[in-house]
Every structure is written in structure tokens, then in C-alpha cells.
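Every heavy atom of this structure was used, including side-chain atoms; hydrogens, water molecules and symmetry mates were not. Position 1 is the first residue of the sequence, and the numbers go up from there.
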Amino acid sequence: MDRVTDEALPDALPEYAERVLAVAETIPPGRVMTYGDVAEWLGEGGPRQVGRVMALYGGAVPWWRVVRADGVLLPGHELRALAHYRDEGTPLREAGRAAGGHVPRIAMTRARWDGVTDGTGGAADGATGGVRRDT
């Protein structure tokens, strides 16, 4: 029997995309990971590859929890994301007066999830890896 490839099943997700989406689903409400964090967690790809997966396939997972490293909300989706952040209690930084539209940013130092702890100091369910922090 021939090996089935992603090209043979047009509705099948590429394996890398499945792994990225699985990480997005594990991020707890009120927490975020950057595109680079997700790539580091997986040990493959980079921020651009993760961003591409999220752009193409992320609608079925909590896409608002995978963010830019600077905390800026996803352009074109700011209001939808902001509603999710407020519902989940995600830490936000209010926008300064110079910011166009006065849309807040994510408070990355408080909202960023390391992929291991659940926010209470314990390991998150199913946590098997983590994002390294050199600080």
C-alpha cells in the first residue's frame, strides 16, 4: 500500500500545522505565547512559519492567544481579539495617547505563558516541554 501524503488528502492538515494548532489549544485562557515561543516549544520552524499556519488554519483554535512579541494586537482583528482578552482577563497595557485608535497592547511580561506552568505555579495539564527563558 502506498504511503498517504498531505498532497493526496487535500483536506488534511500538514503535520507541522497540526502541531502548531495543538500548542495553541493548550495555552490557558488569559495567557499568550508568541509565534517564536510556539516554534521554540515545537523545536522546529520559526515565528514566520507559525504565523503562516495561524493565518491559514488558526480559525478553529484560540488564535488570539498566539501573538506578536511586542504585544500589538493582530492587525485587522484587533476588536475581536480585544473582546477575547477582556473576557479571559488577559493582562493588557492601555494605549498611550500617541497610539492610533487607542487600542491597548498585551502586557507581555504578565500574560506570556511559558508552556509549562498553569499560572498557579503547578504544571499545566499535558505539559511536556517549555519555552526557555535566559533572563
Side-chain angles (χ1 to χ4, degrees):
M1 179 174 226
D2 291 335
R3 183 172 173 245
V4 177
T5 64
D6 290 336
E7 293 83 29
L9 298 172
D11 293 336
L13 287 177
E15 287 182 30
Y16 183 71
E18 288 180 8
R19 290 192 296 276
V20 168
L21 298 177
V23 172
E25 289 180 322
T26 66
I27 302 169
R31 305 301 297 274
V32 298
M33 288 180 90
T34 68
Y35 298 110
D37 291 342
V38 173
E40 187 175 340
W41 170 272
L42 293 172
E44 65 179 306
R48 289 178 188 250
Q49 290 81 8
V50 171
R52 179 82 172 143
V53 167
M54 294 303 296
L56 292 174
Y57 309 109
V61 299
W63 54 268
W64 58 92
R65 296 182 192 152
V66 181
V67 301
R68 292 173 35 161
D70 62 4
V72 171
L73 306 189
L74 183 63
H77 301 279
E78 298 94 340
L79 296 180
R80 285 180 46 211
L82 189 56
H84 288 293
Y85 298 138
R86 288 188 171 144
D87 285 346
E88 295 182 357
T90 306
L92 300 171
R93 284 183 23 212
E94 289 306 316
R97 285 183 281 210
H102 303 287
V103 176
R105 288 183 181 208
I106 298 164
M108 293 302 293
T109 55
R110 292 183 290 139
R112 201 170 194 170
W113 186 55
D114 64 7
V116 178
T117 60
D118 62 5
T120 63
D125 291 339
T128 58
V131 177
R132 204 178 74 248
R133 297 282 178 251
D134 296 327
T135 56

Heavy-atom closest contact (A24 atom, V61 atom, distance)
CB-CG2, 3.9 Å
Shortest non-hydrogen contact from P104 toward R86
CG-NH2, 4.1 Å
Identify the heavy atoms of R105 and D70 that sit nearest to each other, and give their distance.
NH1-O, 3.4 Å
How many angstroms lie between CG in L13 and OH in Y57, if you round to the nearest 0.5 Å?
6.0 Å
Checking side chain to side chain contact (heavy atoms under 4.5 Å, CB included) for the pair W113/D37: CA distance, chi angles, key distance, verdict?
CA-CA 9 Å; W113 186 55; D37 291 342; over 6 Å; no
For a quick test of your reading: what N or O donor-acceptor pairs under 3.5 Å do the side chains of residues 45-55 make, sequence neighbours left out?
residue, atom, partner, partner atom, Å
Q49, OE1, G46, N, 2.8

Take L73 and Y85 through the test side chain to side chain contact (heavy atoms under 4.5 Å, CB included) and record every step on the way to the result.
CA-CA 10 Å; L73 306 189; Y85 298 138; 3.4 Å; yes
Using modelled atom types and a 3.5 Å cut-off, is there a donor and acceptor pairing between side-chain atoms of E78 and backbone atoms of G76?
yes
Applying side chain to side chain donor-acceptor pair (under 3.5 Å), name anything that partners E88, two or more places apart in sequence or on another chain.
W64, R65
As an exercise, state the distance from CE of M33 to OG1 of T26, rounded to the nearest 0.5 Å.
6.5 Å
Should V72 and L92 be counted in the same cluster of Ile, Leu, Val, Met, Phe, Trp and Tyr side chains packed under 4.5 Å apart?
no
Note: W63 and G58 closest approach over all heavy atoms is CB-O, 3.6 Å
Which pair of non-hydrogen atoms, one from R31 and one from R112, has the smallest distance, and what is that distance?
NH2-O, 2.7 Å
Report the C-alpha distance between T90 and H84 in whole Å, list the side-chain angles of each, state the deciding distance to 0.1 Å, and finish with yes or no for side chain to side chain contact (heavy atoms under 4.5 Å, CB included).
CA-CA 8 Å; T90 306; H84 288 293; over 6 Å; no
Would you say the side chain of I27 lies within less than 4.5 Å of the side chain of P62, judging by non-hydrogen atoms?
no
Could you measure the distance from the CD1 atom of I106 to the OG1 atom of T34? Nearest 0.5 Å is fine.
10.5 Å
